[in-house]
Amino acid sequence: MVFKLPKKEGFAHAVYAKLLRVPKGKVTTYAALAHAVGTRAYRAIGQVMNKNPYAPDVPCHRVISSDGNLGGYAGGEKRKLAMLKAEGIVFKNGKVEEKYILREL
DNA sequence: CCGTTGACTCTTT
DNA sequence: AAAAGAGCCAACG
């Protein structure tokens with residue numbers, strides 16, 4: 001058992017669930033997550049991630065912007081970059097290669 | 001309930 | 001190519 005997600009958070013829960021579906025070594029975008037939960041609240045996704053009550057349990061560092069840019073990170077973008085590299089992600093000019101980005105979940 | 005904010009994205013200049 | 005504007009949705013005060 002890795003991590004049990006409380007099933008009452010609604011929107012947030014949906015986002016976290018999708019994010020947990022992202023395999024290691026890959027990343028996703030806020031847009032993909034939003035689309036996966038059936039909403040266009042790209043920004044709301046970011047807010048939930050920032051508040052992220054499930055901090056280390058939810059790999060929020062695997063979420064980047066649509067342009068392949070890191071986007072943001074509550075602990076610092078440098079930190080996020082390091083974690084992604086540790087996951088096996090290869091960066092090109094400070095951006096994630098398209099092949100690592102899951103545009104759809 | 002209304003207004004502001006935000007780890008976004010797309011379109012237009 | 002880079003910058004600015006508009007649009008979108010949920011959480012908070």
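Sequence lines set the chain letters: A, B, ... in the order given, protein chains first and strands last, and positions in each chain run from 1.
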**Student:** I need a per-nucleotide contact map over nucleotides 2-9 of chain B, read 5' to 3'. Cutoff is protein heavy atoms under 4.0 Å; write B for the base, S for backbone only, - otherwise.
**Tutor:** ---BBBBS
**Student:** My understanding is that only residues two or more places apart in sequence, or in another chain, count here; which of them pass side chain to side chain contact (heavy atoms under 4.5 Å, CB included) with Glu98(A)?
**Tutor:** Ile101(A), Arg103(A)
**Student:** Identify the heavy atoms of Phe11(A) and Ala41(A) that sit nearest to each other, and give their distance.
**Tutor:**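 So the two residues come closest at CZ-CB, 4.4 Å.
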**Student:** Side chains of Val27(A) and Ile89(A): does their closest heavy-atom pair fall under 4.5 Å?
**Tutor:**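 SC-SC contact between Val27(A) and Ile89(A) confirmed.
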**Student:** As a quick check of understanding, evaluate side-chain contact (heavy atoms from CB on, under 4.5 Å) for Leu33(A) and Val63(A), giving each step before the final call.
**Tutor:** CA-CA 9 Å; Leu33(A) 280 170; Val63(A) 186; 3.8 Å; yes
**Student:** Contact between Val58(A) and Val15(A) at the side-chain level, heavy atoms closer than 4.5 Å - yes or no?
**Tutor:** no
